[in-house]
Structure formats: C-alpha cells, structure tokens
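Have a look at the structure below before the remarks.
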Amino acid sequence: MYKIKNIYYNLKKNRKRKMKLIKTEIPGVYYLENKQNITYYFSYKDPITKITKRKKLFSEKEHLTKHLKKCVIMSNEIKETLKNYNSSEIIENQEFKNYISLNELTKIYFEDRINTKKRILKEKYNHLTNEEFENNVLIKKQIYNVTKELLRINKNIQNSKISQININRITKIDIKEYIENDLFNTNLSQKSKFMVISQIKTIFNYGIKNEIINIKNPFEYLKFQNPQRTRKRVLSEEEITLLLKTLKKEENINLYLCVYLGVLTGSRSNTVLNIKKNDIDTKNKTINLNNFKTNKFYKIGISETGTKWIEEKILPFRENDEYLIKSDFNEKNNIKQTQILANVQKKVYEIMNTLFNENINKKNNYERDNVVNFHTIRRSISTNLVKNGANVYNVMKFLNHSSIDQTMKYLNLENHEINNDVNNLMNNIFKDF
C-alpha cells in the first residue's frame with residue numbers, strides 16, 4: 001500500500017515539474033517544454049479585472065533564439081490590442097473589440113430610448129391605427145421631447161475631443177478640458193450645463209448596464225453644481241386680469257381661450273390643450289381634466305361666470321369630440337380640431353414677455369426664476385386662492401396634487417405676510433393684557 005502511494009506521489013510530482021513554465025529574457029514570455037515540442041506563452045494582466053492571464057502563442061520542435069523574436073512581435077500585437085480592450089470576457093482565440101466613442105454610444109442610447117418610447121405609446125394608444133399613431137400630434141410631441149434631448153447633447157458634445165476618442169481613453173484631464181474650454185464657452189445657463197453633464201453620466205451608465213462597455217463611469221464622481229430653480233414670480237389678480245384683457249383684444253379667440261381655461265382650471269398647458277367640448281358639463285358646472293404628469297383623470301367645479309361664457313362663446317362653435325383650442329388655420333377655415341395642439345401658441349408667450357418679462361435676462365440663474373410663462377398661471381391661481389382665504393387642502397384638490405407638501409411648494413407666500421398674520425393673531429390674543 002505504501003509503495004502504491006509513493007509511486008502516485010512521484011508521478012504527480014514529476015507532472016508538476018514537467019508543467020512548470022520557463023521564463024525567457026523577454027518580459028511576459030514563457031515556454032513549456034514537452035516531449036513532443038516547445039510551446040510559447042504570453043502572460044498579461046486583464047485591463048479590467050487586473051487578474052493575470054496567459055495566451056498561447058505557438059509551438060515549435062525546439063527552443064531557438066529566432067522563435068523568441070517571433071514572440072516579441074506577437075506579444076507587442078497583444079499589448080496594442082489591450083489598449084482598446086472592450087470586454088472583461090476573454091475567449092480562447094483572444095479576440096478584442098475596440099471601444100466605441102461617446103458619440104457612438106450616445107446614438108445607441110437615444111435610438112433605444114426613442115424605440116422604447118414608441119413601444120410604450122403604442123401600448124397606451126392601442127386603439128389608433130398605424131397611420132393615426134404616426135400623425136398624432138400629442139404622440140409626436142412626446143417622441144420629440146426625447147429627440148430634443150439628443151439634439152441638445154449633440155450640440156454640446158458632438159464636436160468636442162471628449163466625444164470622439166475611445167471611451168476607455170477618456171481621462172480626468174480630458175473631462176476638465178471639456179468643461180472649462182467647451183462647455184463653459186457656450187451661452188448655456190448653469191442649469192443647462194448641469195443637464196448636459198447629467199445626460200453624459202446617464203449615457204455612460206446605460207452603456208455599462210447593458211454591457212456595451214465595461215469600464216467605470218469617468219463622470220461618476222464629478223461634482224457639478226445644480227442650481228435648483230425656485231419660481232418666485234406670482235401674478236396678482238390685477239396682473240392676471242391685465243393678461244386676459246390684452247389677449248382678448250387679439251383677433252384669434254384661441255389665444256384668450258387658452259389662458260382663460262388655464263385661469264379657470266389652474267391646469268398645466270398640456271391639460272388645457274387636451275380639453276374637448278364633451279369634457280364640459282354646463283348643467284353641473286364641472287369639467288373633466290387629464291393630469292398628464294400622473295396619467296390620471298380628475299374632475300373639478302368651474303365658476304358660474306366661467307361656465308356661462310364658455311357655453312355662449314365657445315361650445316356652440318365646437319363639435320362634441322372636438323378640442324376647444326384650435327390652430328390658427330383650423331379656426332380661420334372653420335375646420336374641426338381633431339388633434340390636440342402640441343404647444344400653447346407662441347403669441348401667448350410673446351404677450352407675456354411684453355407685459356412681464358422685458359427686463360429679465362432668462363440666461364441668468366437668478367433672474368430666470370422671475371420669468372412669467374404659462375405655468376406661472378397655475379402657481380398664481382393657487383397662491384391667490386390661499387390669500388383670499390381658501391383652505392390649503394381644497395387648493396390641493398383643485399390642483400390635483402397628491403400631498404399638501406406638494407401644494408405648499410406652489411404657494412408663494414412671503415415671510416412678511418406670514419408675520420403679519422402671526423402679529424394679527426397675537427394682537428387679538430394679548431389685547432387685554
């Protein structure tokens with residue numbers, strides 16, 4: 001028994017001795033000597049995992065100096081290939097892919113996003129035919145919102161050095177040069193610059209998550225200030241009235257109607273544009289609305305004055321399934337408005353700019369918070385409701401918010417107004433003391 005074990009041990013020992021690689025004078029090159037031939041190998045570290053790996057080069061009958069020269073050539077070729085290493089997965093024949101550029105990854109990312117968006121929209125609007133789907137203005141708008149991001153990112157990175165070199169070769173110096181020389185030489189606001197950097201981070205993360213690239217995100221730890229927007233501007237009752245009166249003077253009633261419905265319902269622009277004739281219940285003085293932000297339908301009451309004006313001035317000139325707000329062309333030619341408008345008419349914003357935004361620099365991070373736009377109407381109505389004594393909970397329901405906290409962020413109640421309320425209360429309590 002002892003002899004058998006001893007023989008087994010000696011065989012194992014001899015096998016190990018025979019399998020031992022012999023180091024050559026060339027860095028990383030070894031050879032293995034067998035009875036039949038000599039096999040040369042090249043050892044290297046995986047660029048991602050840093051694990052030492054070995055690649056077989058070739059075999060010859062004997063170990064000669066000329067074979068080492070061939071090893072030098074082959075090992076240099078492998079080293080060059082490793083510079084553009086694209087995957088942590090090594091296959092037997094050691095094929096490597098070159099890393100793509102940021103421009104190429106950006107194209108892949110947005111193609112995927114647009115296709116995904118179309119698929120989701122097709123599921124949502126499955127009642128539409130292919131032709132109706134392709135021509136639907138609301139669907140086009142939602143797809144364009146993604147395309148608009150692509151246009152913005154291309155505008156700000158496409159021609160820069162950082163977008164054209166291989167992704168795995170982007171260094172901290174490259175990122176610094178891009179931010180200081182390319183991004184900051186644009187006329188973008190600080191918020192827009194932050195959005196560009198955030199988008200680049202997202203594109204890298206997408207490539208990593210989907211195993212298109214296999215590197216650490218070079219932008220991952222980049223700190224870039226995000227100027228949080230705090231909309232300060234709220235229109236007073238008098239300013240809202242001025243806006244409505246100015247719009248009413250225009251020949252196109254749809255300009256006035258658009259803002260009128262915004263004031264009446266306190267809704268966002270896409271909700272207002274989506275209102276149809278059959279959404280108005282004049283008998284019960286209610287209106288059905290679609291909150292596109294949460295994909296929920298809700299109903300609110302409308303004032304008697306508002307109901308009467310819409311009933312007399314608008315509803316007789318619209319069909320039941322027609323959108324209330326019409327395009328200029330459809331209005332002039334008395335054509336039925338079968339599709340929602342993509343945006344509020346530009347003339348509305350032009351009038352807002354003339355009345356309220358003339359002295360505001362929209363690119364300034366601080367001044368832009370005072371810009372009046374369509375969303376200002378929603379904030380203004382909610383703030384004025386509370387100032388007139390409305391319960392915050394009722395305002396929350398009116399705005400179709402999910403929480404009181406969300407509504408409170410909308411209310412621009414200055415500290416001095418709160419202080420006045422507190423002073424009045426305290427004066428009443430302590431008046432006899």
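No experiment lies behind these values; they were computed from the predicted model shown. Along the sequence shown, residues carry numbers from 1.
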Taking Lys285 for the side chain and Glu304 for the main chain, is one N or O donor matched with an acceptor at less than 3.5 Å?
-> no

Are any side-chain N or O atoms of Asp279 and backbone N or O atoms of Lys276, one a donor and one an acceptor, separated by less than 3.5 Å?
-> yes

Just checking, is any N or O donor in the side chain of Thr307 or Thr282 under 3.5 Å from an acceptor N or O on the other one?
-> no

Distance only, no hydrogens: is a donor on one side chain within 3.5 Å (strictly under) of an acceptor on the other, for Asn278 and Asn320?
-> no

What pairs with Tyr30 under ring pair (Phe, Tyr, Trp, His ring centres under 6.0 Å), at least two apart in sequence or on another chain?
-> none

Test item: Thr376 side-chain N/O and Val234 main-chain N/O as donor-acceptor pair under 3.5 Å | no

Report yes or no: is the cationic atom of Lys70 (NZ for Lys, CZ for Arg) closer than 6.0 Å to the six-membered ring centre of Phe58, at no more than 45° off its axis?
-> yes

Taking Asn274 for its side chain and Asn270 for its backbone only, find out whether a donor-acceptor pair lies under 3.5 Å.
-> no

Tell me yes or no: between the side chains of Asp112 and Asn115, is some donor less than 3.5 Å from an acceptor?
-> no

Short question: side chain of Gln337, backbone of Gln339 - any donor-acceptor pair under 3.5 Å?
-> yes

Keeping the roles fixed (side chain from Asn333, backbone from Ile335), state whether a donor-acceptor pair exists under 3.5 Å.
-> no

With a distance cut-off below 6.0 Å to the six-membered ring centre and an angular limit of 45° from the axis, does Lys122 pair with Phe133 as a cation-pi contact?
-> yes

So, is the end of the Lys56 side chain (NZ or CZ) under 6.0 Å from the ring centre of Tyr41 and within 45° of the ring's axis?
-> no

Side chain to side chain donor-acceptor pair (under 3.5 Å) partners of Lys326, counting only residues at least two apart = Glu322

Applying side chain to side chain donor-acceptor pair (under 3.5 Å) to Ser382 and not counting sequence neighbours gives none

